[in-house]
Amino acid sequence: MQFLNGAMRRVNLCPPDGTPILNCRTNSKFAFVECASVDMANKTLNLNGIPFLGASLRVSRPSKYAGPHVPSQTWQQLTGQPLPPGMIPVPENTGGNPEEKLHRELFVGNTTPEMTESMLKDFLGRALEQVGLTTMPGNPILACRVSGKFAFVELRSKEEAANALNLNNIPYLGAQLRVGRPSKYTGAETPHGNWEDILANIILIHFCLFFFRFMSGDLQLKNVGAQAAAPAAAAAAPAAAAAAPATQITTIVSLKQMLTAQDLEDDTEYNDILEDTRDECSSFGTLKNIVIPRTGPGATKIFLEYMSIEDAGRAIAGLAGRTFDGRKVEAVYFDPVKFANQDYSD
């Protein structure tokens, strides 16, 4: 509250000795402020995007606001100062037009009781970012409202809401989420695919990139185990089998940054981690095997062997970017030959 009052005085949105913000009520990820007057509340909207403690604050009307739209600027527009490097820009206050908002809102069905608003917001937003369905950096989901076995999410733009329809059938915590327009939506039908279509496109793109790199000579397959005098045709098969290009799509997933060496010391805790990980990661598909090395180059990594590359792709999309004890999880494909030989090095 002191910071926001000081900012308003500094840019002459209130008198030098004024106190435009009287009260502040904070929650885990948001807050509500009470202003001294309607005029001060209108002027406070111009703080939207102000940098504070490494983030740009989103300042807007609460969802229950039913008054007229008051034009405002972002903090960057008001002051002419660019957003500091690394900070994610916030959307402008466009007025909350009910029809416009309806185009940015989506229905999410088949949710389960353990799915909280913050979990759904983070999971769906991260999925959109990872498969390239966003139009700007940062989580495109502004708000999430859970009600029983379904939820509603509000996206920051109509374009990203249309893109998010492609998340339909995405697996999460053992359920397949249904993503679609709410019943009140009266706009034009939006052509879209489903989550499995997105994964299929990603696999196709990776294959094409690998193929063109190989055909152009940029990517050379190593001739492993073949003698120099052997015919090229005879050497091709073992060479292709032994090569593991960085973009290779496999059924093996490697997870980093989830565990620490201390997590693996106690046998009971280690077995609990194995079971918890098996339960969680089975929601993405048929999990054939899970390996968590306690020593050697693979220590603290988790290796998941799935029945199909589609299952592995769903696991990567669902796990990459999650946070465990402040650590951001890395989820990548892993060489199946090295996995079979128990070689867990990078």
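Sequential numbering from 1 along the given sequence is applied to the chain's residues.
Counting heavy atoms from C-beta on, the side chains of Pro20 and Leu13 never come closer than 4.5 Å. A 4.5 Å side-chain heavy-atom check between Cys281 and Leu319 finds at least one atom pair inside the cut-off. Val70 is listed as a side-chain neighbour of Arg61, based on a closest heavy-atom distance under 4.5 Å. Two residues are said to be in side-chain contact when any heavy atoms from C-beta on lie closer than 4.5 Å; Phe339 and Thr250 fail this criterion. Considering only heavy atoms from C-beta on, Cys24 stays 4.5 Å or farther from Phe32 through its side chain. At least one side-chain heavy atom of Glu105 sits less than 4.5 Å from a side-chain heavy atom of Leu102. Using a 4.5 Å heavy-atom threshold, the side chains of Asn48 and Leu57 count as separate. The shortest side-chain heavy-atom distance between Phe284 and Val253 does not fall under the 4.5 Å cut-off.
With hydrogens and angles disregarded, a donor-acceptor distance shorter than 3.5 Å links the side chain of Gln76 to the backbone of Gly49. When atom types are taken as modelled, the side chain of Thr111 and the backbone of Lys149 share a donor-acceptor pair closer than 3.5 angstrom. For Asn341 (side chain) and Asp343 (main-chain N/O), no donor-acceptor pair under 3.5 Å exists by modelled atom type.
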Next item on the list: Applying side-chain contact (heavy atoms from CB on, under 4.5 Å), run through Tyr185 and His103 and close with a yes or a no.
Entry: CA-CA 7 Å; Tyr185 177 77; His103 282 75; 3.7 Å; yes

Next item on the list: Output, in order, the C-alpha distance, side-chain angles, deciding distance and verdict of side-chain contact (heavy atoms from CB on, under 4.5 Å) for Ile21 and Gln2.
Entry: CA-CA 9 Å; Ile21 299 175; Gln2 183 179 359; over 6 Å; no

Margin query: Under the criterion side-chain contact (heavy atoms from CB on, under 4.5 Å), I'd like the reasoning laid out for Asn139 against Arg126: C-alpha separation, chi angles, the key distance, then a yes or no.
Written below: CA-CA 7 Å; Asn139 191 334; Arg126 188 169 59 247; over 6 Å; no

Next item on the list: Check the pair Leu173 / Ser283 against side-chain contact (heavy atoms from CB on, under 4.5 Å), numbers first and verdict last.
Entry: CA-CA 6 Å; Leu173 298 181; Ser283 65; 5.8 Å; no

Item checked: Step-by-step side chain to side chain donor-acceptor pair (under 3.5 Å) determination, Gln262 to Thr260 -> CA-CA 5 Å; Gln262 187 176 3; Thr260 65; 5.0 Å; no

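With sequence neighbours excluded, no residue forms a salt bridge (charged side-chain N to carboxylate O under 4.0 Å, His left out) with Glu269. Residues meeting the salt bridge (charged side-chain N to carboxylate O under 4.0 Å, His left out) test with Arg278, sequence neighbours left out: none. Legend: residues meeting side chain to side chain contact (heavy atoms under 4.5 Å, CB included) with Ser308, ordered by chain and number and at least two apart, are Glu310, Asp311. By the ring pair (Phe, Tyr, Trp, His ring centres under 6.0 Å) test, Phe150 pairs with Phe107, Phe152, sequence neighbours left out. With sequence neighbours left out, Lys43 forms a salt bridge (charged side-chain N to carboxylate O under 4.0 Å, His left out) with Asp39.
Of the inter-residue distances, the one linking His192 atom NE2 with Ile198 atom CD1 reads 11.0 Å to the nearest 0.5 angstrom. Here CG of Leu167 is found 8.5 Å from CG of Leu106. Values are rounded to the nearest 0.5 Å. Once rounded to the nearest 0.5 Å, the distance linking CG of Leu155 with CG of Leu128 reads 6.5 Å. In this structure, Lys256 NZ and Leu259 CG are separated by 13.5 Å, a value rounded to the nearest 0.5 Å. For the atom pair CD1 (Ile273) and CE (Met258), the distance works out to 8.5 Å, reported to the nearest 0.5 Å. Distance CD1/Ile141 to CG/Leu124: 4.5 Å, rounded to 0.5 Å.
Taking a 6.0 Å sphere around CD of Glu114, one finds it holds more than 12 heavy atoms contributed by other residues, nucleotides or ligands. The 12-atom threshold is exceeded at CD of Gln77, counting heavy atoms of other residues, nucleotides or ligands nearer than 6.0 Å.
The salt bridge (charged side-chain N to carboxylate O under 4.0 Å, His left out) pairs that include a residue from residues 284-308 are Asp267-Arg294, Lys288-Glu305, Lys301-Asp346, where partners are two or more places apart or lie in different chains. Within the structure, the salt bridge (charged side-chain N to carboxylate O under 4.0 Å, His left out) test picks out no pair touching residues 166-185 (sequence neighbours left out). Pairs passing the ring pair (Phe, Tyr, Trp, His ring centres under 6.0 Å) check and including a residue from residues 290-314, sequence neighbours excluded, read Phe303-Phe334, Phe303-Tyr344. Applying the side chain to side chain donor-acceptor pair (under 3.5 Å) test to residues at least two apart or on different chains, the pairs with a partner in residues 159-177 are Thr135-Glu160, Arg156-Glu160, Ser157-Glu160, Asn168-Asn194, Asn169-Glu196. Within the structure, side chain to side chain donor-acceptor pair (under 3.5 Å) contacts touching residues 9-24 (residues at least two apart or in different chains) are Asn23-Glu34.
Each of Thr251, Ile292, Leu255 was scored for a side chain to side chain contact (heavy atoms under 4.5 Å, CB included) with Leu304, with one residue passing: Leu255.
Under a 4.5 Å side-chain heavy-atom cut-off, the cluster of Ile, Leu, Val, Met, Phe, Trp and Tyr residues that includes Leu22 has no other member.
Across all their heavy atoms, Cys144 and Val153 have their closest contact at SG-CG1, 3.9 Å. The two residues Trp195 and Pro171 come nearest to each other via the heavy atoms CD1-CD, 3.7 Å. Annotation for Ile170 and Ala127: closest pair CD1-CB, 3.8 Å, computed over non-hydrogen atoms.
The same ILVMFWY cluster, assembled from side-chain heavy atoms under 4.5 Å apart, contains both Val131 and Leu199. The hydrophobic cluster containing Leu47 also contains Phe3, counting ILVMFWY residues as joined when their side-chain heavy atoms lie under 4.5 angstrom apart, directly or transitively. Each of Ile252 and Ile290 belongs to its own hydrophobic cluster when Ile, Leu, Val, Met, Phe, Trp and Tyr are linked at side-chain heavy-atom distances under 4.5 angstrom. Under a hydrophobic-cluster definition in which Ile, Leu, Val, Met, Phe, Trp and Tyr are linked whenever side-chain heavy atoms come within less than 4.5 Å, directly or via other members, Leu78 and Leu45 are assigned to different clusters. The cluster map of Ile, Leu, Val, Met, Phe, Trp and Tyr, joined by side-chain heavy atoms under 4.5 Å apart, puts Leu287 and Tyr270 in the same cluster.
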Show me, pair by pair, the donor-acceptor contacts under 3.5 angstrom made by side chains of residues 115-122, not counting sequence neighbours?
| unit_1 | atom_1 | unit_2 | atom_2 | d |
| --- | --- | --- | --- | --- |
| Thr116 | OG1 | Ser118 | OG | 3.3 |
| Thr116 | OG1 | Met119 | N | 3.2 |
| Glu117 | OE2 | Val146 | N | 3.2 |
| Lys121 | NZ | Leu142 | O | 3.3 |

